[in-house]
Amino acid sequence: MRKDQTKVKAVLQAGTPGQQLTVMGWVRSKRGNKAVAFIALNDGSTIANLQVVVDVTLFSEELLRQITTGACIRVDGNVVESPGQQQRVELQAARIELLGTADPQAYPLQKKGHSLEFLREIAYLRPRTNTFGAILRLRHAMSYAIHEFFHSKGFYYLHTPLITSSDAEGAGAMFRVTTLPPQNPPTTEDGRVNWAEDFFGKMTSLTVSGQLEGELGALALGEIYTFGPTFRAENSNTPRHLAEFWMIEPEMAFYDIHDNMDLAEEMLKYLTRYALEHCEDDLKFLNDNWDKELLERLHFVLEHEFVRLGYTEAIGILEQANRKWEFPVKWGVDLQSEHERYLVEEHFHKPVILTDYPAEIKAFYMKQNEDGKTVRAMDVLFPKIGEIIGGSERESDYTKLKSKIDALGIPEKDVWWYLDTRRFGTAPHSGFGLGFERLMLFITGMGNIRDVIPFPRTPGHCEF
Ligand code: 4AD
Ligand code: MG
């Protein structure tokens, strides 16, 4: 902020009548009569607008005509008590400078509400709406709170790479990273692309998860977390999937699966409480306009212990639910969002942590249970969303991990370094991944993941 600028939030909170100050922002609306005009000014610092009162006799007609919705202005003025009910104070304009006009014929955002679908098409302007202003401020608050949470517990923020040469995680199809010419890439004798001539001397991709490198960090620093973008080239056109999303992945030495579940529950409650305590205005706006049960749901999650339940018991409950599932249920199947939401929203009416999934449907690195069939996985299931967290205790036994890797046919050249951690001072450890946009769906009450990230990337869509 410039030295001579005051943010709208500060004026509304602490402005005192008689004060002279300068605000800068975008015009949300202008109304008035022959004597006086009222400009609703927003600078993004808060969802509320500052009312700027303009004595029209003091300004040129030309200037006033150009102060339209979307225009950017600077106003020097005096804070006065507001006679209106809407606000405590308003600003009496002494000088107005037009920083940028916005042709009313061309500017796509009008005062009336627009549909979320339309706003997705103009995602480059939607941060200027009340809804997206609220969402983006909440996104910031949650990012900050995540760092605060881990820092206060003695975790270290580890930067894991975005470009990777290993496909070991198997969490989803990957986007290739290459500088080879698309027309005539160098080939080997058998006619395949010769990746040895690519930038890194091998085939590389964007990462689907920072976990494997996160484990290397945990087995040295104790407790770490990553927080960065991840990329999955799956053709999933659902309201819960993005091709580029952010993930928070804590990884902790010496934690078993119970410690892991405790941390996940504590973190989700911490973040929920943080939003309720620090983002009241934005949450209230979203509650009033988009999801009337939002605040209630946030309080509900805070106040109840999460249910902890084995996969096998969950399958029993689903089989007895007496419903026609789109995806039939039997032991061994991966749970779909209809099953997850049934458990949370209809059976338990609480968040659920499901554990001990069949080994076949989970990743190679999860700790194998004694029964030889299940692994120490844990998924956290939330109302309206389904899976918000996926994690596990990790297999720390070299021999067991090696035989799993061999059985799955994962090339040792891709994971030798990961296996080495089980040879050199291995330790029990656990971790999980929280999808940041899934968290934002929960915190904002929005129904579509494309609306909780500034610029969504989904199959067929990469605008702005
Ligand atoms: O369950 P996932 O695939 O787990 C992992 O990637 C592990 N490496 C995490 C770990 O143990 N460190 O993904 C974790 C979470 C999911 O629970 C979900 O919230 C989110 O990431 N997620 C997605 N969010 C948006 N779009 C997608 N395509 C997502 N795929 C997963
Ligand atoms: Mg998962």
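All residue numbers refer to positions in the sequence shown, counting from 1. If you're wondering where the values come from, they're calculated on a predicted model, not measured in any experiment. Atoms within a ligand are numbered from 1 in the order they appear, just like the ligands themselves.
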Pick one: which of Leu354, Ile389, Asp356 meets side chain to side chain contact (heavy atoms under 4.5 Å, CB included) with Met378? Ile389

For Ile449, the ligand 1 atoms with a heavy-atom partner under 4.0 Å come out as 25 (C)

Is the gap between the ring centers of His304 and Phe300 under 6.0 Å? yes

Compute the shortest N/O to N/O distance between Leu242 and ligand 1 and return yes if it is under 3.5 Å, no if not. yes

Is His241 in polar range of ligand 1, meaning some N or O pair under 3.5 Å apart? no

Taking 2.8 Å as the limit, list every protein N, O or S atom around the Mg ion (ligand 2), by chain and residue number. Glu387 OE2

Polar contacts were defined as any N/O atom of the residue lying under 3.5 Å from an N/O atom of the ligand; does this apply to Gln211 and ligand 1? yes

If you compare Gly390, Pro250, Ala363, Ala233 by their heavy atoms, the one closest to atom 4 (O) of ligand 1 turns out to be Gly390

Any Thr230 heavy atom less than 4.0 Å to ligand 1: no

Say whether Ser236 and ligand 1 are in contact under the criterion: heavy-atom distance to a ligand atom below 4.0 Å. no

Is it the case that ligand 1 has an N or O less than 3.5 angstrom from some N or O of Met247? no

Heavy-atom contacts with Glu249 under 4.0 Å: which atoms of ligand 1 show up? List them by number with element. 7 (C), 8 (N), 9 (C), 10 (C), 12 (N)

Applying side chain to side chain contact (heavy atoms under 4.5 Å, CB included), run through Lys373 and Trp331 and close with a yes or a no. CA-CA 11 Å; Lys373 293 195 308 193; Trp331 200 95; 4.2 Å; yes

Please confirm whether the ring centroid of Tyr365 lies under 6.0 Å from the ring centroid of Tyr418. no

Hey, can you pull the donor-acceptor pairs under 3.5 Å for the side chains in residues 314-326, sequence neighbours left out?
unit_1: Arg323; atom_1: NH2; unit_2: Glu346; atom_2: OE1; d: 2.5
unit_1: Arg323; atom_1: NH2; unit_2: Glu346; atom_2: OE2; d: 3.4
unit_1: Trp325; atom_1: NE1; unit_2: Leu318; atom_2: O; d: 3.4

Sub-4.0 Å atoms of ligand 1 with respect to non-hydrogen atoms of Arg394: 10 (C), 11 (O), 12 (N)

Any side-chain donor near an acceptor of the partner, Glu215 and Gln211, under 3.5 Å: yes

Output, in order, the C-alpha distance, side-chain angles, deciding distance and verdict of side chain to side chain donor-acceptor pair (under 3.5 Å) for Thr374 and Asn369. CA-CA 6 Å; Thr374 59; Asn369 279 324; 2.9 Å; yes

Contact with ligand 1 for Tyr365, non-hydrogen, under 4.0 angstrom: yes

Atoms of ligand 1, numbered as shown, that sit under 4.0 Å from any heavy atom of Gly391: 11 (O)

Could you tell me which non-hydrogen atom of Phe254 sits nearest to which non-hydrogen atom of Asp259, and how far apart they are? O-OD2, 4.0 Å

For the residue pair Ser143 and Phe436, what are the closest heavy atoms and their distance? OG-CZ, 3.5 Å

Please confirm whether Glu234 approaches ligand 1 to less than 4.0 Å, judged on its heavy atoms. yes

Between Thr187 and Asn194, is the side chain to side chain contact (heavy atoms under 4.5 Å, CB included) condition met? List the steps. CA-CA 5 Å; Thr187 50; Asn194 186 4; 5.5 Å; no

Give the numbers and elements of all ligand 1 atoms closer than 4.0 Å to a heavy atom of Glu387. 1 (O), 16 (C), 17 (O), 19 (O)

Based purely on interatomic distance, does Glu251 place a nitrogen or oxygen under 3.5 Å from a nitrogen or oxygen of ligand 1? no

Hydrogens and angles aside, do Tyr157 and His151 bring a side-chain donor and acceptor to less than 3.5 Å of each other? no

Does only the side chain of Asp379 get under 4.0 Å from ligand 1, or the backbone, or both, or neither? Count heavy atoms. neither

Using the ring centroid of each side chain, check whether Phe382 and Phe306 are separated by less than 6.0 Å. yes

Would you call Glu437 a ligand 1 contact, heavy-atom distance under 4.0 Å? no

Assess Glu244 for proximity to ligand 1: is some non-hydrogen atom of it under 4.0 Å away? no

Parallel, tilted or perpendicular: rings of Tyr274 and His278 (30°, 60°): parallel

Please list, in number order, the atoms of ligand 1 under 4.0 Å from a heavy atom of Arg240. 25 (C), 26 (N)

Parallel, tilted or perpendicular, as decided by the 30° and 60° cut-offs, for the rings of Phe327 and His339: perpendicular

Side chain, backbone, both or neither: which part of Phe245 comes within less than 4.0 Å of ligand 1 when only heavy atoms are counted? side chain

Using distance alone, with no hydrogens and no angle criterion, decide if Arg128 and Asn42 have a side-chain donor and acceptor under 3.5 Å apart. no

